[in-house]
Structure formats: structure tokens, C-alpha cells
Amino acid sequence: MDKVIVFDTTLRDGEQAAGAMLNMEEKLEIAKQLERLGVDVIEAGFPASSPGDFDAVRLLAKEVRGSSICALTHANAKAIDSAWDAVKVAKHPRIHVFLSTSDIHLAHQLKKNRDEVLALAVTMVKRAKSYTEDIEFSPMDASRTDPEFLRTIVQATIEAGATTVNIPDTVGYAIPEEFGKLIRNLFKKVSNIDQAVISVHCHNDLGLAVANSLEAVRNGARQVECTVNGIGERAGNASLEEIVMAIRTRSDLFHLTTRIDTTQIYRASRLVSEHTGFAVQPNKAIVGQNAFRHQSGIHQDGVIKRALTYEIMDPKDVGIPASSLVLGKLSGRHAFRERLAELGYVLTEEDLNRAFLAFKELADKKKEVTDRDIESLVAQEMRTVSETYHLDHIQVSCGDHSVPTATVRLVGPRGEGFADAALGTGPVDAVYKAINRIIGVPNRLTEFSVNSVTAGIDAMGEVLIRIESDGVTYTGRGSATDIIVASARAYMNALNRLLAAKKRS
Ligand code: KIV
Ligand code: ZN
């Protein structure tokens, strides 16, 4: 095989990252982008873990036809039945069964011996196989499992019907050379290995997830499990964009391809960052703000003469738009639409109209509207689509000799208006208190940060907040050239998510 299967687990392992909670619409939007990206398999969730995950897997199974949809399950009959129930409507359904195999997990978590685990794995793979052809099995904590036992269980589960066997470095413990050897030895010593695809799933606790995955690929693995922006449990998973671009950029070494349309990478990264509330660090490979910026004079000189001198990839290949037009207040709808398309947005006519109005408003305040401004603006508009309460108006008064005071007006679910006012320790506090007086859902603010989208005094501010209610965290984002307005929008965004979750449950 000269193709590496890209298995994306942003919506499952990625969502397991502390603080990343996605609602149904966000999951669907991300899944659609993963489909456009050309991901082979989308792990949509763990149906037995919660009704929300069950519904999300079912929704994606129904709506996404261009990628296989995978449901994760632990090795338990009821959980496997539930995984199948959720995923069965998919065009290409997959059930992914996992069971720990390391002695440390067996002794302290499962309280079973190796023979019991082996028998359970085989029984559960067979049960999953009774539902569908495409079965993946993961011996969890494989990199800390006794290699001989690992080979036994790989052999047995392939015999039982697993078509993919995934070797997880669950705790990010492996080092590339040793992980590569583990995979190589599976190919040497498991006699039926040619009947399954060998996959890897690496965590980034030592910052080696991508290196370990690539080493596994060099030793025969033909599926990589990864997430957009590398998000995931603890330090995260192997990053999709890094693996894909490494395989592509160093095709001289790998002689392999993927099905990924790399020009969709940047858009996928922005979307995942937007919906999870996890900012991408500026120096992040491939998708960080600085990934293609050259600061030193010598480097700039080289890039001007020939980009190849200091650039191993073309930013256009990962979908970072090369802006040919500067948008401003005289720009028309057509130019705006073109730029949106270049940035990878697919908007309905109605959404385009709303975004264009917001753009005109912004262009009145800001001389030049950059791509980042547009991204922030479109995201802000999209956030308001499924709101229960909408922020209609806000007014604050503050200063070093006055008591911060805020007046807000919200529009409710049936179009009714609500107005109230409050005092606070600062303008944001006053705004939040006034909103709370109207909505009245108890919550606690746990995180608040403001970032400017671009440089310059007229830059848009982006506010990220997290609130907690009944032990659940909700993320909210808002943007505006006025940071108090951006803060109010972020709060409304978090509250609307909270209200939607409460309504669902
Ligand atoms: O890290 C891990 O081992 C997992 C399994 C469920 C594959 O996420
Ligand atoms: Zn994992």
C-alpha cells in the first residue's frame, strides 16, 4: 500500500481535552470540514459514554457521506450494541473496540489477568463483527504492554475479524526508535498481519506524538490517528496537519500519499480553534500565525529572491490565502464574497448578507480589513445563528471617578425585549451582572482573556471566556472593535450554549 489512511479523532479524543466542549451544530460543522479535507475516517464519538455523544454519532453518520464514520466503544456487549445503534446509518460505518492490555492497567483498572483480557477482546470483536465488516480493535496502552502479549492479542483479534488493529501510545511514553521497532516486530512476528491495517494513535505527553507516528509509518503502519491542531486528552494527540505535511513534504523519504486536500488544512484549524476555544500557539507548525513569517533580514532577503531558500512548503498549499486584494469601506459585495471563498467559507446567501453588513460596519471603523478580521467577523455572525437570547444593545459608563454602570437590552426567544442595568467593579462586571439579571442562570466565570486580532489601535478584540454551571464548563467567544462589546458577546455566546445544553438534557 502506498497510501496512509488518515483517521481523525478531533471529535472524540480531541473533545476529551479538558475545557473543549462542542455542541451538536459545531460537531457537524467540523465534521463537514473534515469531509472536505478528505479525511478517510472520522471518529465521531463514544456513544455509550453519554446521550449527547450517542446523538452526535448518529447525526454525523446520517449527514457525512464522504468519510467513514467510526463509533468508539469499550469492550462491553451493551456498549458495542449502542455504538452500532448510533453508527449504523452511516454510508461506511466502523466500530472501534478498545481494551487495555498493559499489566499496569490490568492490575489496577481492569482487575483481570491476561487470559481473561484476551478472551474478552476476541468475544467483543466477534460481537462487533456480527454487525458490520469494518472493525477496529485497540489494545489500550499498547506501548507499555508486554510485547509478546501484544502480539498474541493482535493475532487473535485479527483472527476474530478486526480489519484494523490500532497500536496506541496511550500515555505518550514511547520514543520514536523504540515505537518504530514495536511496529516492525508486529510485522515480523504476527503471522496474519497482512489481513489487517496496522494503525497508530500517539499522545503527545513528551512532545513526540508526530515523530512516533511517522516512525511507525516508516515501519509499516498505514493508518494514523490524529487530531486537528493536535488537541486531545492531556497534552493532546498527534497533529493531523503536521503528519500530512511531513508525508507530503518529504515524499522523497516516505514514498507515500494521503487523500487529504491540504488546501483545506488552514480552514479546519481555524474552525476547530474557534469552536473549542483553544487558541493555536503562534509558533505551531503548519497552522501557527508565525509558521510562514520571516523576521530576520537575511531570511527576508532570501525569501524575496526565492521562497525556497527558507520555505519548505508553500503557504498556499495549506490553504493560507495569499491576499491579493485589500478590503476596505469601498469594497463591494463581490470582492467580499471572493475573499470569503478564498478563505474557504461556504456561506448561504442569507449568511453572506449578514456577514456583508457586519463587514461594512467594520470597514467604517477600520481602514483596512484583513483576512483575520474577516475570519473573526464571520465567526461572530455564525455564533448568533442558534441563539436563544440575542444581545441587542449595550451601554456602559466607567472611569476612575465613577461607578461602572451598564445597561443592556436582550431579545428573547419569541422576539420579546428585556432591558436591565447593573453596577459592577468594572465595566465588564457591570455588563455581566446586568445580563445575569435578565437571564438568571447561576454560573461562575472561570476564565477571561482578550486578544487583539491584528496589530494597530483600531484592531478588533477577541474575547474568550469560560463559565461553569452544575460542574460543566461552557466556552464563549465574541469579537468587536470595542472590547466591552466583545466581552458581552462572549458572555452571551457561553450563556446561549449553557441554555441549549440545559434544554437538550
Ligand atoms: O489513547 C488511547 O489509547 C485511546 C484509545 C481509546 C484508542 O484514545
Ligand atoms: Zn487517545
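Numbering of residues begins at 1 and proceeds along the displayed sequence. Worth knowing before you read on, the calculation uses all heavy atoms, side chains too, and leaves out hydrogens, waters and symmetry mates. First listed ligand is number 1; within each ligand, the first listed atom is number 1. Remember, it's a predicted structure, so these values are computed and weren't measured experimentally.
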| query | Within the structure, does His203 bring an N/O atom to less than 3.5 angstrom of an N/O atom in ligand 1? | reply | yes
| task | May I ask whether Glu233 places a heavy atom under 4.0 Å from ligand 1? | result | no
| note | Any heavy atom of Arg12 under 4.0 Å from ligand 1? The part involved is side chain
| Taking the side chain as C-beta and beyond, is there a heavy-atom pair between Ile158 and Phe137 under 4.5 Å? | no
| Does an N or O from Asp13, backbone or side chain, lie closer than 3.5 Å to an N or O of ligand 1? | yes
| query | Of all the non-hydrogen atoms in the protein, which one sits nearest to atom 3 (O) of ligand 1, and at what distance? | reply | Thr170 OG1, 2.6 Å
| message | Nearest N/O/S atom of Asp13 with respect to the Zn ion (ligand 2), by atom name, please. | response | OD2
| Relative to the heavy atoms of Pro168, which atoms of ligand 1 are at a distance of less than 4.0 Å? | 3 (O)
| Between Gln195 and Glu159: side-chain donor-acceptor atoms closer than 3.5 Å | no
| said: Checking Val39 against Leu240 for the side-chain contact (heavy atoms from CB on, under 4.5 Å) test, could you report, in this order, the C-alpha distance in whole Å, the side-chain angles of both residues, the deciding distance, and whether it holds? | reply: CA-CA 10 Å; Val39 156; Leu240 178 147; 4.0 Å; yes
| query | Nearest protein heavy-atom contact for atom 4 (C) of ligand 1: which residue, which atom, what distance? | reply | His201 NE2, 3.4 Å
| message | Within the 3.5 Å criterion, strictly below it, is a donor on His96 or Ser138 matched to an acceptor on the partner's side chain? | response | yes
| request: Verify whether one side chain among Ser269 and Asn229 offers a donor that lies under 3.5 Å from an acceptor in the other. | output: yes
| note | Ranked by distance from atom 7 (C) of ligand 1, the top protein heavy atom is Ser138 OG, 3.8 Å
| query | Among side-chain atoms of Asn283 and Asn290, is any donor-acceptor pair under 3.5 angstrom? | reply | no
| message | Check the orientation of His74 and Phe46. Use parallel for under 30°, tilted for 30 to 60°, and perpendicular for over 60°. | response | perpendicular
| field | N/O/S atom name from His201 that is nearest to the position of the Zn ion (ligand 2) | value | NE2
| task | Would you tell me whether Glu468 and Thr446 have side-chain atoms, one donor and one acceptor, within less than 3.5 Å of each other? | result | no
| said: Within the 4.0 Å heavy-atom shell around Met140, which atoms of ligand 1 are there? | reply: 3 (O)
